[in-house]
Structures are given as structure tokens and as C-alpha cells.
Amino acid sequence: MSHLTYGDIKQAADRIAGRIRPVTLAPVDAGAIHTAPRDPLDDREPESCEVWLALEYMQHTGSFKARGAQNFIQAHHEAGTLPDAGVTIASGGNAGLACAWAAQQHSVRATVFLPATAPAVKVARLRGYGADVRLVGTEYAEALAACEDFTHATGALPSHAYDNPLIAAGAGTLLEEIHQQIPDLDTVVVAVGGGGLFAGVATAARHHNIRTVAVEPLNCRALNAAVEAGRLVDVPVDSIAADSLGARRASAMALHAAQQDRVHSVLVPDDEIVRARQTLWDHHRIAVEHGAATALAALTAGPHRVPDRDLPTRPSRNYRPSHGEKVAVVLCGANTDPSRLTHHATEH
């Protein structure tokens, strides 16, 4: 399956209703986000943009991944296709947490493979959900290969961190909830790793005529590179947000969604991701992982931070809303070590 439909997302929403936490939206202070320059001949009264933070890090397991995992396991449970060996997944952390949590909800065994470089906080929480944790290699691809070997040997049901229609459709339910609360939303801003969240959100957003801004770290741009090449390609993974956004290759579903209209690609450098994460702590007392801060960095990054020579094409360096535009920024996960945030809180 190379693309999702809105029907897939509606079906997922019905399936997981009552099993996940509805997203909370918090408005950003007026004037905190700069808008795009106006036409000097435009004599209308200036309006600021309206920005909301979608606090999806408050979801079960600390990230949006719980939606897709719940949809995946619930669908297989309903179909009677859960094997005795349970489910297995290779994950940089968040997807594994979500899979283990959803499996525990249904008393299903979960075996999770992840790189030995995964944050200790994620490994500890996985074990807390009763998962059999196996640390393999230093990159996601190595953990995935080990997971595939395990699947063949045991008959366990393989899940995936992002490249599965049930996983992506579950993630797309987030946009449905945002739209219910802000029916006239113009734009949703979302970080992209392998593209499960993006594919689901963009598919639902397109149905509602909402723009999707897909944000990736400059040196971790699997989706941007695929759009540029017109096909899926492998990319280097080198970003402070690689623990959650470090996919070498985007999913076919994500590429299909990105090739539709009303999708805007943005690349942000690591220093802007760090700055956005610190800003969330200083101004809102929100401690998220770098992957979540990547989405906000698209609105706060300066235009001069990405040299043209670094890339063969010139993708956007940020996203500036227009005057009066209504924007939701998805803060997708908070499985992080808050002690790494500095404590020089800014008073306002």
C-alpha cells in the first residue's frame, strides 16, 4: 500500500476511540511567532497569526505513537491475526514504547529491538511495559534486520516504527482531533522522521483543505530528499533529533502524501532545534524531545541559518505564517532527559 485514504483514518479514529487520550491544544502568546512580510500596498489592518501547540507528548507512552500502535494491535485483535509469539518491532524508542504499551493492553507479548544508542530513559520504560528488549547495533537499520530475523524464526507479527498503513492511519487521528477543536485551521506543522505521522496527518489535512508543513533536521532529511529525487532514497542520519527522526529512508506512503498539493517542506539545522526546545522550556515549562522541538523550529528559525551551498536545491529554511493564519504545531513526544535543559529560565 503506497498511500492512505481519509477513510483509513476515520476507521482508525472509530477503532481507538476511548483507548487513547484526546489531544490538548494550548495557544501561543499573541505576537510570539513572526508572520511573513506584508505587501506594502496592502492597506488592510494588520493581523497577527494564531498559533496553537498540540500537546501530543501528553499521550500514553509520551508520544503520538500510541495512536498507531493501538490501531495496529486492535485491528489484528479484531481480525484474529495475533500469533502466539506476539508482536515485534524495531524502534528508536517511541514506537517500541507504544507497541509494548498497546500489547500490554491486550495481554500480548512484545519483543522490541532498538539500537544500543537509544536513550536509557526509553529502554527503562520499555521494560516497565513488560517488553522483551533487545539492543542491537548503533543504527535503526541494524535493529530492523535483527527484528526481521526474529520474525522469521518465531512467527511473531512484525509491526513497524512508521511504514505500515495501520500505524500511519492511527497517527492521522491526531489531525482529526485538532480539526474538531479548530474547524477553521489553516496549517498544521509536523516533524518528519520516517513519515508515519506526516503521512497520516497530511492525508487527513488534505481532506479538510489544511496545509501541512513537513519539518526535518537539515542532516536528517529522508522525506525532503525523496521528494527531490522523485523516489525513495537513503540519506545520512546526523542530527541531535536522530533518536526519534533518524530514518534513513522515508515510507512510500509519506512520499505519496508529500507529492500532493498543500504540502510545504522545511529543513532546520540542529542549533535551531536546540533553541526551539529551550524556548519551550523557558516560556512554557514544556520539556519535549528534540524531535518534537523540530516542528516548532520551523516557525522560530532565522532565514540565514541554512547555507544554500549545503544542498543541491533550496528548500525553505523556515515557515512564516501569513497575517491572520491559524496554525497548529504538533509537539509529538517528550521521552527525553529534562536534566539536559538549562535552568536559566527567562522571566517575562
Side-chain angles (χ1 to χ4, degrees), residues 57 61-66 68-69 72 86-103 109-154 156-164 167 191-197 216-223 225 232-251 254 270 273-274 277 288-294 332-337 339-340:
Y57 62 87
T61 75
S63 88
F64 75 95
K65 297 280 191 179
F72 177 82
V87 296
T88 185
I89 187 171
S91 166
N94 283 342
L97 282 171
C99 181
W101 167 77
R109 292 169 59 188
T111 306
V112 181
F113 292 81
L114 66 168
T117 52
V121 63
K122 294 184 180 180
V123 175
R125 291 192 65 201
L126 275 169
R127 291 182 172 140
Y129 287 125
D132 177 0
V133 181
R134 313 221 180 159
L135 302 175
V136 180
T138 59
E139 289 190 1
Y140 172 74
E142 294 170 278
L144 178 60
C147 181
E148 290 169 347
D149 290 343
F150 178 81
T151 299
H152 296 316
T154 66
L157 175 69
S159 183
H160 196 280
Y162 54 87
D163 195 3
N164 179 286
I167 298 291
V192 183
L197 176 62
E216 296 171 277
L218 175 61
N219 295 320
C220 216
R221 59 183 198 105
L223 182 63
L232 299 177
V233 294
D234 287 342
V235 297
V237 173
D238 180 18
S239 170
I240 196 165
D243 65 309
S244 55
L245 303 183
R248 281 202 172 278
R249 176 179 287 229
S251 72
D270 275 11
I273 295 171
V274 171
R277 181 171 179 259
V288 295
E289 58 195 75
H290 288 103
T294 298
C332 55
N335 291 315
T336 188
D337 181 357
S339 69
R340 292 177 177 270

Which residues pass the side chain to side chain contact (heavy atoms under 4.5 Å, CB included) test with [X], not counting sequence neighbours?
{"X": "E148", "value": "L144"}
{"X": "A143", "value": "A90, F113, P115"}
{"X": "A225", "value": "R221, V233, V235"}

For the atom pair [atom1] ([X]) and [atom2] ([Y]), what is the distance rounded to the nearest 0.5 Å?
{"X": "I89", "Y": "L126", "atom1": "CD1", "atom2": "CG", "answer": "9.5 Å"}
{"X": "I167", "Y": "S159", "atom1": "CD1", "atom2": "OG", "answer": "4.0 Å"}
{"X": "R249", "Y": "D234", "atom1": "CZ", "atom2": "CG", "answer": "4.5 Å"}
{"X": "D243", "Y": "T336", "atom1": "CG", "atom2": "OG1", "answer": "7.5 Å"}

Of all residues at least two apart in sequence or in a different chain, which pass the ring pair (Phe, Tyr, Trp, His ring centres under 6.0 Å) check with F72?
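Listed in chain order: H76.
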Residues which pass ring pair (Phe, Tyr, Trp, His ring centres under 6.0 Å) with Y57, listed by chain and number, not counting sequence neighbours:
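Ring pair (Phe, Tyr, Trp, His ring centres under 6.0 Å) list for Y57, sorted by chain: empty.
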Output all residues satisfying side chain to side chain donor-acceptor pair (under 3.5 Å) with [X], sequence neighbours left out; order by chain, then residue number.
{"X": "S239", "result": "D270"}
{"X": "N219", "result": "none"}
{"X": "R127", "result": "none"}
{"X": "E289", "result": "N94, S244"}

Under the rule for salt bridge (charged side-chain N to carboxylate O under 4.0 Å, His left out), what residues qualify as partners of [X], not counting sequence neighbours?
{"X": "R109", "value": "none"}
{"X": "D149", "value": "none"}
{"X": "D238", "value": "none"}

Is the distance between the ring centroids of F150 and H152 less than 6.0 Å?
no
I'd like to check T138 versus E142 (side-chain heavy atoms, cut-off strictly below 4.5 Å). Are they in contact?
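Yes; the side chains approach each other to less than 4.5 Å.
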